Each structure stands twice: as C-alpha cells, then as structure tokens.
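As the structure is a computational prediction, the values presented were derived from the model and not from experiment. All residue numbers in this chain count up from 1 along the given sequence.
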Amino acid sequence: MSYDFDLFVIGAGSGGVRAARFAAGFGARVAVAESRYLGGTCVNVGCVPKKLLVFGAHFAEDFEQAEGFGWSLGAANFDWATLIANKNREIERLNGIYRNLLVNSGVSLFEGHARIVDAHTVEVDGERHSAERILIATGGWPKIPDIPGREHAISSNEAFFLKTLPKRVLVVGGGYIAVEFASIFHGLGAQTSLLYRGDLFLRGFDGAVREHLKEELSKKGLDLQFNADIASIERKADGSLAATLKDGRVLDTDCVFYATGRRPMLDNLGLENVEVKLDERGYIAVDEQFQTSTPSILALGDVIGRVQLTPVALAEGMAVARRLFKPEEYRPLDYRMIPTAVFSLPNIGTVGLSEEQAIEDGHKVKIFESRFRPMKLTLTDNPERTLMKLVVDADSDRVLGCHMVGPEAGDIVQGLAIALKAGATKQIFDETIGVHPSSAEEFVTLRTPVSR
C-alpha cells in the first residue's frame, strides 16, 4: 500500500524532532505536526527558560559575594519584565532554529493540532495524511489538583509569562520543578514558601542530598513547610489570595504555584480510534522498541512515562529512527546510569544509585562523603556548604552512585557519569589526579568511608 509518509510524528518536542530529523536523514518521508511549541516543553516552558531564570536568581548572591573580593556595588535593582522579555526573545530564536532543523532535514512541518483517525491516518486541522507509521511524542502537561479555587493557581506554563514578579509566593510540590521555582522566586526577591505534603522533598533522591538541600535552603531564608497541603484557595477583595491548608491554617499570598506532577498529553489525540493501550498510570504502554499495542503506532518521551528527562527523549527519538530506517545502527536504549541535575540554588547533580537504593538492591555498600565550604565563599559571609558523596559496592569496589549538592553540580556530575557508565571502581577514582584547586577534585580525594 502507498502512503503519503513513511513516518508521521505528532509533537515537535525534543524526542519528536530528533526522531523526525534523523529518520528524514536516513531517507524516510517524514512529517511532523505541532500545535503549540516548536521545541516542546523543554525549550518553551521547561528546562531552557527555567535555567535562564535560575541564572537570574543567582545574581543576588553573586552581588553579595563580590564585596569580599573588593568590589563596591551600589544598590542592585531587579526588573522582572526585562528578564522575561529577554527570555522570550531567546525562546523565539530557538523556535526558529527548531523550524529550520526540521525543514532543512526535508521534514514536512504542519503547525496545527493532529488527531489520529485510524492506524495509518492523521488529521491536521481537517486535512488527512496517510502514514506507514505514526509516532506519538506529545509530552506531558502540568497537573493542578481539583480543589476549590484551583482556577486561581498557576503552573510552570503560566509562571514564565507573569507580567510582574509576585511579592509573596506559595510553591506547592516536592519534585524538581517545585524546588527549582522556589529557589527562583526566593532568589529574585519574592517572599517564598515551599509546601510539600510529605516529610521531605525530592523523594527518590539520596537521603543525604535531600537533607543537605533542606539545610541550605533554610539557611538562605526560604520558608519550608513539610506535611502541609492546600485545601482551598480564595481570591480576596484586594486581589491577593488566601490559601486554606488542610490543617486549618490560612496563608495569605499573591501567587499559588503548583508543581505537583505532570500527566501525559493525550487530549483530543484520537486514541479511541485505535487499539493503543494505556498502562495503570495512564501513560501510553510501549515495549522495549517503543511499539504500542497497535503495530503501526509508536510512542516515546514523557507520554510513555519512563524517565521524563529531555536527554532521554532525545535518545529515544534516535533509537526509534535507527530501528525503523537504519537498523544496522540500532542499539537498544540503556536506562541505567542516567545523570540528572536539579537547578535549585544550590544545584544538585546525581548519577547512579542512592545509598538507599543500593542497599535495597542487596549491595553491601561503603559510603564516602564530604561537606565543605567552597573556596569561592571563603572571602564572604555566605555559609553555604557543598555535599559530595560516593556510593561504592564493598565487594566489587565499583562506584554505584555519585551525588553532589553545590555550585555547578550538574556540570561536574556529567563527567563522572561517563566514568560510572564505564564501570569505574573506587580505586580508579583514587588513582585519578584531581584538578586543583577545585571542588571537583574532592571526588577523587575521598579516602575514608563514613561509619553508619
């Protein structure tokens, strides 16, 4: 049977664009449909603009630290509108790059909402296109709980476009996005409280990392409220908000920001027209080759709910393109030892197993840990301390996990991820000469395991 396209990709985010570009490069006839953001969540309302805001928030500390190095600065003034306007201009530039990447790769780009009609047909704004295979890469969408007054709350989607910086902010949640935006709002001068319904945020991260970040954020004056959750939100006559907590307390604020998880973006996608099954969490169920229960339809990225990180979606997109159109280069994707960073202030970088995960998996572990004041802060009054930690298998000497809280943690851990992926032992770390003076050298000078 003849089709209009060999591959029709729904969603021009990181994974969809990567799959489309490389499939076209391998000789396939490819189309992509995107109704919102060229570049997806990451480029438009995720990783990229968030990191720009993190940079902006950190300048407050940079100005304070400069005095210890002899710089005399006047009163610093921050303008939210300038930051957002400059951020928007950069995102528009990136949108253009993504458009050019697709078009120059020979991909047909449809900027409209795509809906699956049947196993080989996609409709975009009333126009139908046939495809041998359809790839769903529509990503995720923020979830705000169904509480009275939820219409007064915002998510990360709206936060990037606020007209003014709120004077008071309640951030609700305990994951990446919550701690990052709490750091952003607090660093830019808003009176910020972080509410989390559990005992401690960042569930799944190493316990020492979680505790250390808690201590550092508290020292900076960020209000952390654990075992706290909002029952309702009310708009007051003066335009401010009153958030009533489940314990009966009422917190007055100007903004309630929810970061309590994301759902797969399946709205009006037409899945009811095909035999695509969802898993028990509501994500699209796929096998190890990203195949859904309908043979001609595949899915990848946040919509399948495996590891919801941009570089993972990129790798999944590459794997799909290779398997379909360049099978001699196909390699199954390895989800082990994926490094990640949390751009809180201070940053977190981590790769491999936490101490708790290693023990749960049956490893006998040795723990190497260091907490110290970074050299840059020794001429300042800033009391921030860095944490570095290695989790080592006591029997094989292999390093199972590497964790850091401190400046440039993500950049440092990226390099160490290569070592862990290659199976480095603690002996190899010990035999590696450090870069001096640097914080990173601490990872190769840890000699004495901590006692538990």
Donor-acceptor contact below 3.5 Å, side chain [X] vs main chain [Y]:
{"X": "Ser396", "Y": "Arg398", "answer": "yes"}
{"X": "Thr192", "Y": "His186", "answer": "yes"}
{"X": "Arg263", "Y": "Gly140", "answer": "no"}
{"X": "Asp254", "Y": "Pro166", "answer": "no"}
{"X": "Thr294", "Y": "Ala119", "answer": "no"}
{"X": "Arg29", "Y": "Tyr3", "answer": "yes"}
{"X": "Asp397", "Y": "Gln427", "answer": "yes"}
{"X": "Arg210", "Y": "Leu200", "answer": "yes"}
{"X": "His120", "Y": "Ser130", "answer": "no"}
{"X": "Thr121", "Y": "Val117", "answer": "no"}

Worksheet item: What do the steps show when you test Phe201 against Phe226 for ring pair (Phe, Tyr, Trp, His ring centres under 6.0 Å), and what is the final call?
Response: CA-CA 8 Å; Phe201 47 37; Phe226 297 110; 5.4 Å; yes
To the nearest 0.5 angstrom, please state how far the [atom1] atom of [X] sits from the [atom2] atom of [Y].
{"X": "Ser183", "Y": "Leu222", "atom1": "OG", "atom2": "CG", "value": "6.5 Å"}
{"X": "Ile177", "Y": "Tyr258", "atom1": "CD1", "atom2": "OH", "value": "15.0 Å"}
{"X": "Glu123", "Y": "Ile116", "atom1": "CD", "atom2": "CD1", "value": "12.0 Å"}
{"X": "Asp430", "Y": "Leu446", "atom1": "CG", "atom2": "CG", "value": "8.5 Å"}
{"X": "Ile136", "Y": "Thr292", "atom1": "CD1", "atom2": "OG1", "value": "6.5 Å"}
{"X": "His212", "Y": "Arg371", "atom1": "NE2", "atom2": "CZ", "value": "6.0 Å"}

Worksheet item: Hey, what's the ring geometry for Trp80 with Phe185, parallel, tilted or perpendicular (30° and 60° as the breaks)?
Response: parallel
Is it true that [Y] and [X] share a donor-acceptor pair across their side chains at a distance under 3.5 Å?
{"X": "Glu442", "Y": "Ser370", "value": "yes"}
{"X": "Asn44", "Y": "Asn95", "value": "yes"}
{"X": "Glu34", "Y": "Tyr98", "value": "no"}
{"X": "Thr350", "Y": "His403", "value": "yes"}

Residue pair [X] / [Y]: nearest heavy atoms and the distance that separates them:
{"X": "Asp125", "Y": "Glu111", "result": "OD2-O, 4.2 Å"}
{"X": "Ala24", "Y": "Val107", "result": "CB-CG2, 3.8 Å"}
{"X": "Lys214", "Y": "Leu224", "result": "O-CD1, 3.6 Å"}
{"X": "Thr260", "Y": "Val172", "result": "CG2-O, 3.6 Å"}

Using atom types as modelled, flag every donor-acceptor pair under 3.5 Å from a side chain in residues 316-330 to any protein atom, sequence neighbours excluded.
{"from": "Glu316", "atom 1": "OE1", "to": "Gly301", "atom 2": "N", "distance (Å)": "2.8"}
{"from": "Glu316", "atom 1": "OE2", "to": "Tyr335", "atom 2": "OH", "distance (Å)": "2.6"}
{"from": "Arg323", "atom 1": "NH2", "to": "Gln291", "atom 2": "OE1", "distance (Å)": "3.2"}

Discussion item. Taking the ring centre of each residue, are Phe59 and Phe78 less than 6.0 Å apart?
Written reply: no
Worksheet item: Are the aromatic ring centres of His129 and Phe110 under 6.0 angstrom apart?
Response: yes
Check whether any side-chain heavy atom of [X] lies under 4.5 Å from a side-chain heavy atom of [Y], and answer yes or no.
{"X": "Asp302", "Y": "Thr138", "answer": "no"}
{"X": "Leu213", "Y": "Ser344", "answer": "yes"}
{"X": "Trp141", "Y": "Ser155", "answer": "no"}

Worksheet item: Taking the six-membered ring of Phe161 as reference, does the NZ or CZ atom of Lys87 fall below 6.0 Å from its centre and within a 45° cone about the axis?
Response: yes
Worksheet item: Within 45 degrees of the axis of the six-membered ring of Phe181 and under 6.0 Å from its centre: does Lys50 put its NZ or CZ there?
Response: no
Between [Y] and [X], does any NZ, NE, NH1 or NH2 come within less than 4.0 Å of an OD or OE carboxylate oxygen?
{"X": "Arg133", "Y": "Asp6", "result": "no"}
{"X": "Glu272", "Y": "Arg115", "result": "yes"}
{"X": "Glu92", "Y": "Arg89", "result": "no"}

